[in-house]
Amino acid sequence: MLEIDKLNEFTESHGALRTGRGLVSGVIALTLAILCFLGVLAFHFPEYLTTPQLRKSYDVTVIRYIMLAAMAIAGGISLVNILFNRSRWLATFAFATVALAAILGGHKVEVDPNFPDNTPYIGLDWFILDLLGSSLIFIFIEKLFALRKDQPIFREEWQTDFHHFIVNHMVVGFVLLATNLLVHKFFGWAASDGVRGWVQGLNFWVALFLIILVADLVQYWTHRAYHEVPVLWRLHAVHHSVKSMDWMAGSRQHILELLITRTLVLAPIYVLGFSKEVIDAYIVVVGFQAVFNHANVSVRLGPLRYVLVTPNFHHWHHSQDQEALDKNYAAHFAFLDYLFGTAVKSTKLWPEKYGVLGDYVPNGFIKQFKFPFTWKG
């Protein structure tokens, strides 16, 4: 019981991990162990726990090798920490989780591909792959090019953003289904075979630039509406309540805002009929930029910062500084804000403080989910 209390206390805390005690390696081992355990569950129940679009994209054999390597690394680190009494409570949980994953079949679980189409699912595989990929890439980038060097990985309120990260990934199936239904219902009438044929005949790079531009124009005005229409601000204030910028900060987003924004952004993409290759490339760009622009990195890109949205540009959007309020709406092309007169003008290189002015949004996933419906402001 004491060991569980230690783990609970650890996950509810924040701050830098002290080195030399097995905490850093223990966290890595426990994270890999949990992801492997979730991966085993996804192998056992692919029809309910995996995303149909991803099933067609990844090689199961490669995933098995990755899982085997992760289990070996997590188990090895845990065993060493247990033997040398380095945060043994943390290492024990990690080793037990690896052992449980192995008992349930580990990387050798047979996957039955024969299950009905359109089975209701949650995106457990999307969560696993995105958490592993995002953490490996962006934590490394943040340590290499840190803007605020004293900001730890487990900064204040990280638990809230991690809960948003989990939920927004798990409900990916519901979001995709809902947005597709809404797009077809409200915008299907606008689709034209002639326009679609012309768009699909464009050079790949031209089409990629066009899809990002079109999406960002919609994103700009949608984003601006969230700031200028009070009932929409109730939703968007949740996203702005984050007080520390890093790779996980962008995950703090109310599910209703996610549905509204994705529906409006996907509408012109559907109507114009971009090819699958262009849409796939656009998704990669969006996925990277959404995380990178919130990251704790000191990147400005020189004169290109007037063209492309960078972390510096988007950090200003999250600032409480007076000159930055309701500014820098673009998600991809910074020149849109200069064009429409909403770009931040400041003599400072970076903002001083993040969050909602007045700090009236409560902390905690459940409280933030209820906030738009309960706020009396």
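Along the sequence shown, residues are numbered consecutively beginning with 1.
Clustering of Ile, Leu, Val, Met, Phe, Trp and Tyr by side-chain heavy atoms under 4.5 Å joins I82 with L79, V80, L83, F84, F95. Residue W316 is found in a hydrophobic cluster whose other members, listed by chain and number, are V344; membership requires side-chain heavy atoms under 4.5 Å apart, directly or through intermediates. Through direct or indirect side-chain contacts shorter than 4.5 Å among Ile, Leu, Val, Met, Phe, Trp and Tyr, Y360 is connected to W233, V238, V356, V361, F371, W375. Cluster partners of Y306 are V309, F313, Y338, counting Ile, Leu, Val, Met, Phe, Trp and Tyr whose side-chain heavy atoms approach within less than 4.5 Å, directly or via other members.
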### Task
Test Q151 against S244 for side-chain contact (heavy atoms from CB on, under 4.5 Å), laying out the working first.
CA-CA 8 Å; Q151 180 173 300; S244 303; 3.9 Å; yes

### Query
Does the pair F209 and F333 meet the rule for a ring pair (Phe, Tyr, Trp, His ring centres under 6.0 Å), with working shown?
CA-CA 10 Å; F209 171 79; F333 291 124; 5.5 Å; yes

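Cluster membership check: Y48 shares its hydrophobic cluster with Y58, using side-chain heavy-atom separations under 4.5 Å among Ile, Leu, Val, Met, Phe, Trp and Tyr. Hydrophobic clustering, with ILVMFWY side chains joined whenever heavy atoms are under 4.5 angstrom apart, groups V285 together with V265.
N81 places none of its side-chain heavy atoms less than 4.5 Å from the side chain of L90. Between Q200 and F274 there is no side-chain heavy-atom pair separated by less than 4.5 Å. Between V167 and I255, every side-chain heavy-atom pair lies at or beyond the 4.5 Å cut-off. With contacts defined as side-chain heavy-atom distances shorter than 4.5 Å, the pair V286/Y282 qualifies. For the pair F45/L124, no side-chain contact is recorded, criterion being any heavy-atom separation below 4.5 Å from C-beta on. Side-chain contact between M67 and F43: present, with at least one pair of heavy atoms (C-beta onward) separated by less than 4.5 Å. Contact annotation: the side chain of E142 approaches that of W247 to within less than 4.5 Å [non-hydrogen atoms, C-beta and beyond]. Contact check for V27 versus F10: side-chain heavy atoms found under the 4.5 Å cut-off.
Contact between L35 and I128 at its shortest, heavy atoms only, is O-CD1, 4.0 Å.
Ring geometry, Y329 versus Y220: the interplanar angle exceeds 60°, so the pair is classed perpendicular (tilted spans 30 to 60°). The aromatic rings of H314 and H223 lie tilted to each other, with the angle between the two planes from 30° to 60°. Aromatic ring pairs are classed by plane angle as parallel below 30°, tilted from 30° to 60° and perpendicular above 60°; the pair Y354 and H315 is perpendicular. F292 and F138 have tilted rings, their planes meeting at an angle from 30° to 60° on a 0 to 90° scale. The aromatic rings of H317 and H236 sit tilted relative to each other, their planes meeting at an angle between 30° and 60°.
Note on residues 211-230: pairs passing salt bridge (charged side-chain N to carboxylate O under 4.0 Å, His left out), not counting sequence neighbours, are R224-E228. Sorted by first then second residue, the salt bridge (charged side-chain N to carboxylate O under 4.0 Å, His left out) pairs that include residues 266-286, not counting sequence neighbours, are K276-D280. The stretch residues 360-377 participates, sequence neighbours left out, in no salt bridge (charged side-chain N to carboxylate O under 4.0 Å, His left out) pair at all. Pairs engaging residues 234-251 under the salt bridge (charged side-chain N to carboxylate O under 4.0 Å, His left out) rule: R155-D246, E157-K243 [sequence neighbours left out].
When the shell of 6.0 Å around CZ of F373 is examined, it contains more than 12 heavy atoms from other residues, nucleotides or ligands. Atom CZ of F145 sits in a sparse spot, with 12 or fewer heavy atoms from other residues, nucleotides or ligands closer than 6.0 Å. Within 6.0 Å of CZ on F154 lie more than 12 heavy atoms contributed by other residues, nucleotides or ligands. With a 6.0 Å radius and a threshold of 12 heavy atoms from other residues, nucleotides or ligands, R300 has its CZ atom above the threshold.
Of the possible polar contacts, none joining the D326 side chain to the H227 backbone as a donor-acceptor pair under 3.5 Å is found.
Residues forming a salt bridge (charged side-chain N to carboxylate O under 4.0 Å, His left out) with E323 (at least two apart in sequence, or on another chain): K348. Remark: E9 engages no residue in a salt bridge (charged side-chain N to carboxylate O under 4.0 Å, His left out) (not counting sequence neighbours). Checked against salt bridge (charged side-chain N to carboxylate O under 4.0 Å, His left out), D359 has no partners two or more places apart in sequence or in another chain. For K149, the salt bridge (charged side-chain N to carboxylate O under 4.0 Å, His left out) criterion is met by no residue, not counting sequence neighbours.
Atom NZ of residue K108 and atom CG of residue L68 lie 8.5 Å apart, to the nearest 0.5 angstrom. Here the straight-line distance linking atom CG of L49 with atom CG of L38 works out to 9.0 Å at 0.5 Å rounding. Considering CD1 of I63 and CD1 of I66, their distance stands at 4.5 Å, rounded to 0.5 Å. Taking CG of N328 as the reference point, atom CG of D337 lies at 5.0 Å (rounded to 0.5 Å). With values rounded to the nearest 0.5 angstrom, N363 atom CG is found 6.0 Å from R252 atom CZ. Summarising the geometry, atom CZ belonging to F127 is positioned 10.5 Å from atom CD1 belonging to I122; distances are rounded to the nearest 0.5 Å.
Neither side chain, H254 nor Q368, offers a donor N or O lying under 3.5 Å from an acceptor on the other.
Centroid-to-centroid, the aromatic rings of H240 and H318 come within less than 6.0 Å. Taking the ring centroids of F365 and H164, they lie under the 6.0 Å cut-off.
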